Amino acid sequence: MYLVLSRGPAGVSLTELDDSGKISRGPDDVVDLAAEVAIRERASAASRWVWDDTSRWYPALLGAGVRVDRCIDLRLCRAILRNSSLTAASALATGAHDGWDEPTPEPRRGGDALFEVDEQPDDGALREFARQRAAVAATANPARIGLLLAAESAGALIAAEMRFAGLPWRTDVHDAMLSDLLGPRPAAEHRPVKMQAVLEAVRAALDSPTLNPDSPPELLGALGRAGLQVQSTRSWELQSIDHPAIAPLLEYKKMARLLSANGWNWLDTNVANGRFRPDYVPGGVVTGRWASKGGGGALQLPRQVRGAVVADPGWKLVVADAAQLEPRILAALSADRGMAEAGSAGDLYAGIVASGAVDTRAHAKVAMLGAMYGATSGESGRLLPRLARAYPRAIAFVEEAARAGERGEVVTTRLGRSSPRGASAGYDETATAADVTRARAEARSWGRFTRNFVVQGTAAEWALCWMAGLRGRLLGLGPARGDFTSGAHLVFFLHDEVVVHCPEDLAERVELELRAAAADAGRLLFGALPIEFPVTVAVVQDYGQAK
DNA sequence: TATTTAAGCGCC
DNA sequence: AAAGGGCGCTTAAATA
């Protein structure tokens, strides 16, 4: 059963649809939404809520203590169906762009989102849902893209729940780390003392007593006057230089980065009541990866500060990482048995070395990354032919994705998310040699994007399935269902890594569920294909102890 | 003065 | 080792 919610001038209305999509009841006005949703959730585990944006409905429900099992997020699904090559012929994909193609509207300030009367985008959720069902039903294998839509929507639920629960964050621990590395918190506009000391060492070594190292042009000038020929002030370029100024300069850069990105200021604005609540954006990246917005930089939390993520007393963090996810996804996508076999013993890169293709694990890793990103030069580019000889199917797969992109074609992930159409201009008979060169470079660049798109996008699908399955399994653990203060729940997600916060006595069970959910995800995407998705799990007190 | 762009660096 | 994919954020510099 589907339960379609919409907001109209008269308030919130609810329409029941049976599994065939036919209205079986309603629309009925809803007076107390949270109560209504809670009742329906208890009544039927098989129902699925249908709404425009999870981010507009679910936070208020969570605030009222209500969790939902399943939903369809119409806006996220529209974005997939609008672009997918599998639904290209549908009325939805061929029709004019409308409000459903627009980003989620910003919430109005001051209103109570749960009860606010709000306009639907263009036309109602019922009609949009019907269009989407028709588009899915007309595909050769509706279950394929149907799984993607369900996983994407589950991701939206998880994003809202993780924000609601928050990542446990110890301000005092973080502050101690900062004081230790930089010196105690200074007054505004001043540098911490340890940082200032390192800066003075740089200034002395460069004989530039007033140097502002935060200005790249100024720093470049100072380095030049000291006789150091560099193109930029990037750390990796400076690393190889032998000069007394370099060590303190690199140290200063490290400190400055920590201070500006995750210093006291970050702490003040992003951590409250012992929780960091990032604003995740499911589907925020074209490949299907999540993005994040607003302060915090949830997806760029440096390893340096992860020690401040500490489980509550009596609780543990279970940190799980899908080992070498993208290479395994490539092996599965291309059905390259040899590469799958290389990963079957645990460490895929070690398996590649064992097969004799390359001689060190580091080479295996850099060669694989190069294959997936489209490296042409350097170490990675040199190793590529060896990899291609050992694993012809896998390499041919990414090469074909690259060629398709260069031809201006769309590529599609395992479950049906398609790449955007390239804006490559090409050239005509009036083009100069420089125009031709530029156009070819653009085409190759787009080819690197499409090459990576299929792998990164399918990895994102795997991760969504993993996390959605895990969520269901965690909800089944114990009587604390729906309760973020006593039950195991997800608190962090980072592309191929999740963190679960749980009472100590549940940690072992959580670990089992994490592995089982990973195996499920592999089967969901790739069926009976013999490909392993091993998960590295660490049960820790603080996130810094993992890996 | 306000807004946009670029450099640099963090994550995968 | 530092070339190749996807992001967001902060600061300084450039532009309106």
Side-chain angles (χ1 to χ4, degrees), chain A residues 189 212-220 230-241 249-250 252-263 265-266 269-270 278-306 321-327 329-330 360 362-363 365-384 398-399 401-402 405 411 413 417 419-420 441 444-460 462-463 492-498 543 547:
Chain A
E189 313 293 312
N212 171 17
D214 301 321
S215 163
E218 206 181 310
L219 180 56
L220 209 54
V230 283
Q231 299 300 309
S232 75
T233 62
R234 291 187 180 92
S235 290
W236 65 259
E237 190 178 345
L238 300 176
Q239 266 165 23
S240 55
I241 297 172
L249 178 54
L250 292 174
Y252 177 87
K253 279 173 162 283
K254 194 87 184 154
M255 292 168 126
R257 171 74 193 186
L258 175 64
L259 178 65
S260 72
N262 296 96
N265 211 8
W266 181 90
T269 47
N270 291 291
D279 203 349
Y280 297 105
V281 186
V285 179
V286 280
T287 57
R289 274 188 175 181
W290 288 14
S292 66
K293 68 170 183 232
L299 305 182
Q300 300 116 255
L301 272 189
R303 292 182 177 278
Q304 231 180 348
V305 302
R306 293 186 185 178
D321 173 282
Q324 302 125 14
L325 179 59
E326 291 196 354
I329 290 290
L330 173 55
T360 65
H363 280 174
K365 185 173 180 175
V366 79
M368 276 306 307
L369 291 176
M372 292 183 298
Y373 294 158
T376 52
S377 61
E379 183 86 44
S380 185
R382 281 195 296 280
L383 290 166
L384 211 49
V398 282
E399 289 297 328
V411 295
T413 60
R417 194 186 307 260
S419 63
R444 278 196 302 276
S445 170
W446 193 254
R448 284 192 297 274
F449 166 64
T450 54
R451 167 198 295 265
N452 187 251
F453 182 94
V454 280
V455 177
Q456 186 183 120
T458 304
W462 181 93
F492 195 56
F493 171 54
L494 195 57
H495 308 311
D496 59 1
E497 179 174 348
V498 298
Y543 194 8
K547 275 201 294 191

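Quick caveat: nothing in here was measured; it's all calculated off a predicted structure. Numbers restart at 1 for each chain; the letters A, B, ... are given by sequence-line order, proteins then strands.
Classified by interplanar angle (parallel below 30°, tilted 30° to 60°, perpendicular above 60°), the ring pair A:Phe493/A:Trp290 is perpendicular.
The nearest whole Å value for the distance from the CD atom in A:Gln231 to the P atom in B:dG8 is 11 Å. Rounded to a whole Å, the CG atom of A:Leu383 is 12 Å from the C1' atom of C:dA3. If you take CG of A:Leu249 and C1' of B:dG8, they are 12 Å apart, rounded to a whole angstrom. In this entry the distance linking CE of A:Met255 with C1' of B:dG8 reads 18 Å, nearest Å. A:Asn270 has its CG atom 13 Å from the C1' atom of C:dT10, to the nearest Å. Atom-to-atom, CZ of A:Phe493 to P of C:dC7 comes out at 15 Å; the value is rounded to the nearest Å. Nucleotide C:dA3 holds its C1' atom 14 Å from the CZ atom of A:Arg444, rounded to whole Å. Taking atom NZ of A:Lys365 as the reference point, atom C1' of C:dA1 lies 13 Å away to the nearest angstrom.
Across all strands, A:Ser232 comes closer than 4.0 Å only to sugar-phosphate atoms, never to a base (heavy-atom distances). No contact: A:Val455 has no heavy atom under 4.0 Å from any strand. Counting non-hydrogen atoms under 4.0 angstrom, A:Ser292 reaches the backbone sugars and phosphates but no base.
Under a 3.5 Å cut-off, the side chain of A:Thr287 and the backbone N or O of A:Phe453 do not form any donor-acceptor pair. Listed for the A:Ser419 side chain is a donor-acceptor partner under 3.5 Å among the backbone atoms of A:Val411. A distance-only check finds a donor-acceptor pair linking the side chain of A:Ser260 to the backbone of A:Ala256 [under 3.5 Å]. The backbone N or O of A:Arg417 lies less than 3.5 Å from a partner atom in the side chain of A:Thr413, making a donor-acceptor pair. Side-chain atoms of A:Glu237 come within 3.5 Å of backbone atoms of A:Gln231 as a donor-acceptor pair (strictly under, hydrogens ignored). Without hydrogens or angle criteria, A:Arg448 side chain to A:Ala375 main chain gives no donor-acceptor distance under 3.5 Å.
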If the sugar-phosphate is the primed atoms plus P, OP1 and OP2 and the base is the rest, what is the B/S/- string for nucleotides 11-16 of chain C, using protein heavy atoms under 4.0 Å? SSS---
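Partners of A:Glu218 under the side chain to side chain donor-acceptor pair (under 3.5 Å) rule, at least two apart in sequence or in another chain, do not exist in this structure.
With hydrogens and angles left out, the side-chain atoms of A:His495 and A:Gln456 include no donor and acceptor closer than 3.5 Å.
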If you restrict it to nitrogen or oxygen atoms, what contacts under 3.5 Å exist between nucleotides 9-12 of chain B and the protein, and what is each distance?
from   : atom 1 : to       : atom 2 : distance (Å)
B:dC9  : OP1    : A:Ser235 : N      : 3.3
B:dC9  : OP1    : A:Ser235 : OG     : 2.6
B:dC9  : OP1    : A:Lys253 : NZ     : 3.2
B:dC9  : OP2    : A:Ser235 : N      : 3.1
B:dC9  : O2     : A:Arg257 : NH1    : 2.9
B:dC9  : O2     : A:Arg257 : NH2    : 3.4
B:dG10 : O4'    : A:Arg257 : NE     : 3.4
B:dG10 : O4'    : A:Arg257 : NH2    : 3.1
B:dG10 : N2     : A:Gln300 : NE2    : 3.3
B:dC11 : OP1    : A:Arg303 : N      : 3.3
B:dC11 : O3'    : A:Arg306 : NH2    : 3.3
B:dC12 : OP1    : A:Arg303 : NH2    : 3.0
B:dC12 : O3'    : A:Asp496 : OD1    : 2.7
B:dC12 : O3'    : A:Asp496 : OD2    : 2.8
B:dC12 : O2     : A:Arg289 : NH1    : 2.8
B:dC12 : O2     : A:Arg289 : NH2    : 3.1

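Under 4.0 angstrom from either OP1 or OP2 of C:dG5 there lies at least one side-chain N or O belonging to A:Arg448.
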